[in-house]
Amino acid sequence: MDTSLKNNNYFEQVYQVVQLIPKGRATSYGAIANYLGLKGGARMVGWAMNAAHALPDIEAHRVTNRNGQLTGKMHFSTPTEMEELLDADGIQVTNDQIEDWKTIFWDPQTELL
DNA sequence: ACCGTGACGAGAT
DNA sequence: CATCTCGCCACGG
């Protein structure tokens, strides 16, 4: 048997949460990590998003850091794509930071519960 | 097998 | 209140 069971399973968990983010809202890496029980592993969520970038149905632009800052915009096809996508969702971004992040923030552990 | 890096976060100074 | 450091786990060289 395949003893080398990949943890890709948790990657998929992240994708599911990202796809569950309602339009006009966004969440943070740490929030997803915390929801999945990976608390402290926020970096892993970011790493998962890197792989997610290869997937068509993963809207990584709805995931930012804890400050609502577009830290990962540089990883998109273009440095402005993340802002454009967020703007398309009705989220206003200024200086690479989401405006009114406190309201835009969508915590799966609280809202999705 | 070891070291360094990384789309982060929280605590300490 | 701003800045620094350490911790988290996984992957690349």
Side-chain angles (χ1 to χ4, degrees):
Chain A
M1 269 325 310
D2 194 336
T3 50
S4 57
L5 188 65
K6 304 285 261 180
N7 0 16
N8 288 358
N9 190 283
Y10 108 81
F11 270 59
E12 195 172 309
Q13 295 283 59
V14 176
Y15 305 149
Q16 288 297 317
V17 176
V18 173
Q19 290 175 48
L20 289 171
I21 299 172
K23 186 175 183 180
R25 293 274 198 278
T27 189
S28 64
Y29 307 101
I32 296 173
N34 188 11
Y35 175 68
L36 298 178
L38 299 167
K39 57 182 184 179
R43 296 180 128 160
M44 307 305 78
V45 177
W47 203 260
M49 303 261 55
N50 194 358
H53 191 278
L55 303 173
D57 295 323
I58 308 303
E59 300 174 276
H61 65 271
R62 289 182 179 169
V63 187
T64 69
N65 73 347
R66 198 296 258 175
N67 267 324
Q69 196 170 28
L70 283 56
T71 53
K73 70 167 195 172
M74 50 199 312
H75 292 269
F76 280 73
S77 307
T78 60
T80 54
E81 182 158 317
M82 193 170 184
E83 299 176 43
E84 292 291 301
L85 290 167
L86 285 167
D87 182 67
D89 280 351
I91 300 174
Q92 294 183 311
V93 180
T94 303
N95 193 17
D96 300 336
Q97 185 175 318
I98 294 177
E99 289 292 311
D100 201 2
W101 170 240
K102 181 175 176 283
T103 303
I104 300 299
F105 183 56
W106 179 81
D107 188 344
Q109 197 170 221
T110 301
E111 312 277 331
L112 185 64
L113 183 61

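Only this structure's heavy atoms are used, side chains among them; waters, hydrogens and symmetry mates stay out. Residue numbers begin at 1 in each chain, while the letters A, B, ... track the order of the sequences.
Taking the six-membered ring where the residue is Trp, A/Trp101 and A/Phe105 present tilted rings, their angle falling between 30° and 60°.
One finds the CD atom of A/Gln109 at 10.5 Å from the OG1 atom of A/Thr27 (value rounded to the nearest 0.5 Å).
Taking only side-chain atoms of A/Met44, from C-beta outward, the nucleotide of C/dC9, B/dC8, C/dC11 with the closest atom is C/dC9. Taking every side-chain heavy atom of A/Arg43 into account, B/dG6 is the closest of B/dG6, B/dA7, B/dG9. The side chain of A/Asn65 sits closest to B/dC8 out of B/dG6, B/dC8, B/dA7. With distances taken from any side-chain atom of A/Arg66 to the nucleotides C/dC11, C/dC8, B/dA10, the minimum falls on B/dA10.
Atom CH2 of A/Trp47 and atom C1' of B/dT5 are 7 Å apart (whole Å). As rounded to whole Å, 11 Å separates atom P of B/dC8 from atom CG of A/Leu70. One can place CG of A/Asn50 at 7 Å from C1' of B/dA7, the figure rounded to the nearest angstrom. Rounded to an integer number of Å, the gap from A/His75 NE2 to B/dT5 C1' is 12 Å. Atoms NE2 (A/His53) and P (C/dC11) sit 19 Å apart, rounded to a whole Å. One atom, CZ of A/Phe11, and another, P of C/dA10, lie 9 Å apart when rounded to the nearest Å. The distance from atom CZ of A/Phe105 to atom C1' of B/dC8 is 13 Å, rounded to the nearest whole Å. Rounded to an integer number of Å, the gap from CD of A/Gln69 to P of B/dC8 is 10 Å.
For B/dC8, the OP1/OP2 oxygens have a side-chain nitrogen or oxygen of A/Thr71 closer than 4.0 Å.
Looking at heavy-atom distances under 4.0 Å, A/Gly41 makes no contact with the nucleic acid at all. A/Ala60 comes within 4.0 angstrom of a nucleotide base, judged by non-hydrogen atoms across all strands. Among the atoms of the strands shown, none is found under 4.0 Å from any heavy atom of A/Thr64.
Note on A/Tyr35: it clusters hydrophobically with A/Val45, by side-chain heavy-atom contacts below 4.5 Å among ILVMFWY residues.
If you run side-chain contact (heavy atoms from CB on, under 4.5 Å) between A/Met82 and each of A/Val63, A/Asp87, A/Thr64, only A/Thr64 comes through.
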Please determine whether side-chain contact (heavy atoms from CB on, under 4.5 Å) holds for the pair A/Glu83 and A/Leu70, giving the CA-CA distance in whole Å, both sets of side-chain angles, and the decisive distance to 0.1 Å.
CA-CA 8 Å; A/Glu83 299 176 43; A/Leu70 283 56; 3.7 Å; yes
